[in-house]
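The next block holds one structure in the form of structure tokens; read it before the comments.
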Amino acid sequence: MASRFQAVALVASPSYPNSIAWSDDNFIAVASAHLVTILNPAVPYGPRGLIRVPTCEPYPIGRVNREDLFTNCMLPAALSRDRRPCVRSISWSPIGMAPNYGCLLAVCTVEGRVKIYRPPFCDFSAEWVEVVDISDRLYDYLTKINFGELDNTPSEFSHGQPIIQGCAEEQPKSCAIDLPNSGTLKQYKRRKVNVTTYNIKDSETFQDQLSNPINTGSTTAGSDENKIDRRTTKVLGNCKLPLITAEKYASRCAMLSSLVIAWSPVLWLPSKICSAPENDSSNGFSILAVGGKSGKISVWRINVPQYYSIEHSRGPTTVTFVGLLQAHNSWVTTISLALLGSESNPQVLLASGSSDGSVRIWIGKGEELLDPSGANNAPFSLLKEVVSVNFVPISVLSLAIPVQTMHKMLLAVGKGSGSFEVWTADISSSIFDKVGLYDAHDCAVTGLAWAFDGCCLYSCGQENYVRAWVLHGSALCEVSIPSNIPGLRSSNDLPNVFVSCLGVAASPGNIALAMVRNVDGVSLDPMYEGRLQKAVVELLWIGGQQKDVLSSSSSDFAGEAFLDFSANELNYWESDILWYLTKYENLDNPLVVWDIVAALLAFKQSAPKYTDHILVKWLSVTFLGSYTGLSIDEVLTCILENFSKITSRQLHLLNIICRRVILSDVKAEEINCKVNLGGPAVTKAEHLTLWIELLFSSEKELRERLVGFSLATFINRLSDSTTTFSRPGFWYPVGVEQMELWIALNHDCVRDQLKVLASEVRKHERRLQSSEYGVEEHCIYCSESVTFDSPEVAHCQCSNSTDKTVQIHQMARCAVSMQVCPAIPLWFCKCCCRRASKLPPETLFTLPGYPLDFKSLTESSVKEIPTKPLCPFCGIPLQRLQPDFLLSPSPV
């Protein structure tokens, strides 16, 4: 049986499949009742984020006669008793979609409302901030086209103002409501909310009663689930709604009732295709697919922000309606998307499942998604119906595109009967093969997750079983989930009595697995445990997962056995960590390596020799070309001599391993300032001195590349009279004077190319002293002048005073420009604890090595160079430093 290494309790129980999701920036979101709880897996008992789902008023879609209320098509609305809000579906966006370079979270409720939220990075709040209401946008579109009905004119509707793009507080709403989308009028009156109630008389028709308000209800204090969202309240006025048939009313309700949501990876289109991006957006975008009860999928394009900020909370999010796809003839119950194709011709694969048992695969081209159709057909074409209509509803889908074979598709189809199917396909030849049908669970399949590049599949069912499967050739075989845990288990007193499992999710590095289980309340003390422990999120290590059925492999690690790990498990752990460290060398994968670093730290505590063995093999293969069996000291010495040929991404990975694994006992600030590095924590191992030297040399190499690129760009800008300062989101060289001083301080150990660039800069002394590129620095506390003696910290001139009563001020320098950081919110690196007021150029992270000529490198990109909110020394996403009591992501 698998053993959890972390577990945390939730105060509400999930109710629907796929209730847990793991983001690219290392957040875990759980949909439980009327809440969405966001956790940091690095500190699961620490601060949490929160999204409270309010009760929303229904949209004004028309009136029906009283005698039509209990017709067959109206019964679902008339007999519904869902009085409390509940989250049905959640989905994370790719990283970089939020204004602070984080992830957005889309939430779908049982009322059919879909909203997008962002992290409260500048709001000092635990509750996440609404960005846009997708359902409002969909309602506006459907009313403009009269819900696709040809016999009525749009003039019969009373429209409000169009929804303003941006924050929800600024969005005016439409007026007038009629019969709710869900729930009878009697139920609607029972809600203790601030809405208008009605007096129903037998002599009145149903539509007349709804147009005569007589009193106003009141809000019950402290009742979170009954609170109405004030921002979406629609005031009843004199506007009349058209009288429609029951069939039309049911059809309109179905079109507005969303059930499931899913994001696609980011599509980056070439500039020649996306020549004129919208304001504050780039040529990259992600697709949000929303499936509903009508069988249609509404397709939305959300653009990647053109620039990122940690100061402004009201930055707009560009959302464009692409079109409606009639995917099925019944409810769309699950959706999964994946990216297919090359950079020049990206395509989106969309898999949809329905309550009628059908599963279909759709394909859409990137350039067609840029042009909204404005009609009922989204730019997706049917590729294959892999499962035809039957009487077994589809509960979950998981679509994956292996990195090694970009045209191969893997699809897992979970069903309400407890079985699931696995399909493989070659998209280039449109050949689909069914691997098999597996009766894996006794109840509905509630979660499916591919891991290890499509090699493993994890499934869970409503009966509380979680199983692991290995795809071996054309067969899927069940294997056991690893039970041994590196390091020590987390001690907690959470219950271990569960009744159901409602979702599984793999970590960004596929080293850990998260699942959410509902607790058996009967077995708990109703006074204490039963109130606060409704469900539990469990974290499992899966790094030692068996990948083949008949395994006879063995690790070449010669150490003794530890913690009951077998030779095969050690070999699997080694291969998984090495494979994902190699995977992160791809620039398309963000450096979010918390799970890998946590696993290495856990092994370091229990088996330090095994950790050294893994790192030596990784260093040898990555930096020396092959594993030759050299000792760790010999490998580190060889790497020190070949820094100029190492890519920037490899240097970033090396710095992360040095700081967070090898030197985890040393504070980052002490490493930056090179103090206290001779203490017991460092001198206890002989090779730690080489690791420290390796870290300093690697960071010096990266700083030289940044300085050289900045100086060369500065010189090229001076020679181009038409060059002006870049718009937001693009980089221009600042801190040139400080960089010149840094070269002078390190004149004996920097390359000659930097010295030549510095001498050319000195020829433009007047321009250098201008406010554009360099100014005299002053203390941000006392306005005294500041001298440059370190790229990390600065001290004001008071430090030279003999008066001991004068306070000496120490200030941080920007990791990018080396200028004194101003007293504004700063970008922060969680790995090296450096701060930055300016963002580095994107080119720095794509360098294959030390450039032979910086000037020729910058000539082609003088005009506009995009910035990237990544640490120039660690490569991980930067963020705004939050107080300890607020949630923040942990990339490492």
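The residues of the chain are indexed from 1 along the displayed sequence. Please read these numbers as outputs of a predicted model, since none were measured by experiment.
- Residues P379 and V322 are in side-chain contact: their nearest non-hydrogen atoms beyond the backbone lie under 4.5 Å apart.
- A donor-acceptor pair shorter than 3.5 Å cannot be found between the side chains of N464 and S500.
- Taking the side chain as every heavy atom from C-beta outward, C103 and S93 approach each other to under 4.5 Å.
- Nearest heavy-atom pair, V516 versus P14, reported as atom, atom and distance to 0.1 Å: CG2-CG, 3.8 Å.
- Not a single ring-ring contact (aromatic ring centres under 6.0 Å, His included) links F432 to another residue, sequence neighbours left out.
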Applying side chain to side chain contact (heavy atoms under 4.5 Å, CB included) to V466 and S459, what does each step give before you reach the verdict? CA-CA 6 Å; V466 180; S459 67; over 6 Å; no
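- Side chains of D136 and Y59: a donor on one and an acceptor on the other come within 3.5 Å.
- Residues satisfying the salt bridge (charged side-chain N to carboxylate O under 4.0 Å, His left out) criterion with E385, sequence neighbours excluded, are R360.
- Qualifying side chain to side chain contact (heavy atoms under 4.5 Å, CB included) partners for K534, counting only residues two or more places apart in sequence or in other chains: S13.
- Counting heavy atoms from C-beta outward, V413 and F420 have side chains that stay 4.5 Å or more apart.
- The ring-ring contact (aromatic ring centres under 6.0 Å, His included) check on W450 picks up nothing, with sequence neighbours excluded.
- Residues W300 and T320 have side chains not in contact (no heavy-atom distance under 4.5 Å, counting atoms from C-beta outward).
- Annotation: salt bridge (charged side-chain N to carboxylate O under 4.0 Å, His left out) contacts involving residues 391-400, sequence neighbours excluded, are absent.
- With sequence neighbours left out, T109 forms a side-chain hydrogen bond (donor to acceptor under 3.5 Å, both in side chains) with no residue at all.
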Determine, step by step, whether N18 and T446 satisfy the side chain to side chain contact (heavy atoms under 4.5 Å, CB included) criterion, reporting the C-alpha distance in whole Å, the side-chain angles of both residues, the deciding distance to 0.1 Å, and the verdict. CA-CA 6 Å; N18 277 342; T446 55; over 6 Å; no
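- A donor-acceptor contact closer than 3.5 angstrom links the side chains of S330 and S355.
- Taking OG of S354 as the reference point, atom CG of N329 lies at 8.0 Å (rounded to 0.5 Å).
- With contacts defined as side-chain heavy-atom distances shorter than 4.5 Å, the pair F70/L75 qualifies.
- In this structure, the side chain to side chain contact (heavy atoms under 4.5 Å, CB included) partners of P94, at least two apart in sequence or on a different chain, are D24, M97, W263, V266, S286.
- Heavy atoms of other residues, nucleotides or ligands lying less than 6.0 angstrom from OH of Y465 number 12 at most.
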If you apply the rule side chain to side chain contact (heavy atoms under 4.5 Å, CB included), what do you find for I28 with I20, and how did you get there? CA-CA 7 Å; I28 294 177; I20 189 169; 3.8 Å; yes
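- In summary, E149 and R252 engage in a salt bridge, as defined by a charged side-chain N under 4.0 Å from a carboxylate O.
- Scanning for salt bridge (charged side-chain N to carboxylate O under 4.0 Å, His left out) contacts around K434 gives E421, with sequence neighbours left out.
- Here the closest heavy-atom approach between residue E111 and residue P54 is recorded as OE1-O, 3.9 Å.
- Partners of C86 under the side chain to side chain contact (heavy atoms under 4.5 Å, CB included) rule, at least two apart in sequence or in another chain, are S15, Y16, V110.
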Between L35 and I51, does a side chain to side chain contact (heavy atoms under 4.5 Å, CB included) hold up when you go through it step by step? CA-CA 6 Å; L35 299 174; I51 297 175; over 6 Å; no
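- Between C443 and E463 the shortest heavy-atom distance is N-OE1, 3.6 Å.
- Using a 4.5 Å cut-off on side-chain heavy atoms (C-beta onward), L337 and V348 make contact.
- Each of C56, C108, S135 was checked for a side chain to side chain contact (heavy atoms under 4.5 Å, CB included) with K115, and the lone residue meeting it is C56.
- Residues passing the ring-ring contact (aromatic ring centres under 6.0 Å, His included) test with Y458, sequence neighbours excluded: none.
- Using a 4.5 Å heavy-atom cutoff, the side chains of L10 and V536 are not in contact.
- In terms of heavy atoms, V107 sits closest to I261 at N-CD1, 3.6 Å.
- Between the T333 side chain and the I394 main chain, a donor and an acceptor come within less than 3.5 Å of each other.
- Donor-acceptor pairing under 3.5 Å is lacking for the side chains of S381 and W362.
- Checked against side chain to side chain contact (heavy atoms under 4.5 Å, CB included), D520 has the following partners two or more places apart in sequence or in another chain: V497, V499, V522, S523.
- The nearest pair of heavy atoms linking V504 to L448 is CG2-N, 4.1 Å.
- Listed by chain and number, the residues in a salt bridge (charged side-chain N to carboxylate O under 4.0 Å, His left out) with E127 are R52 (sequence neighbours excluded).
- Looking at T245 and D68, their side chains never come closer than 4.5 Å, going by heavy atoms from C-beta outward.
- Shown here for I244 and G62, the closest heavy-atom pair between the two residues is CD1-CA, 4.0 Å.
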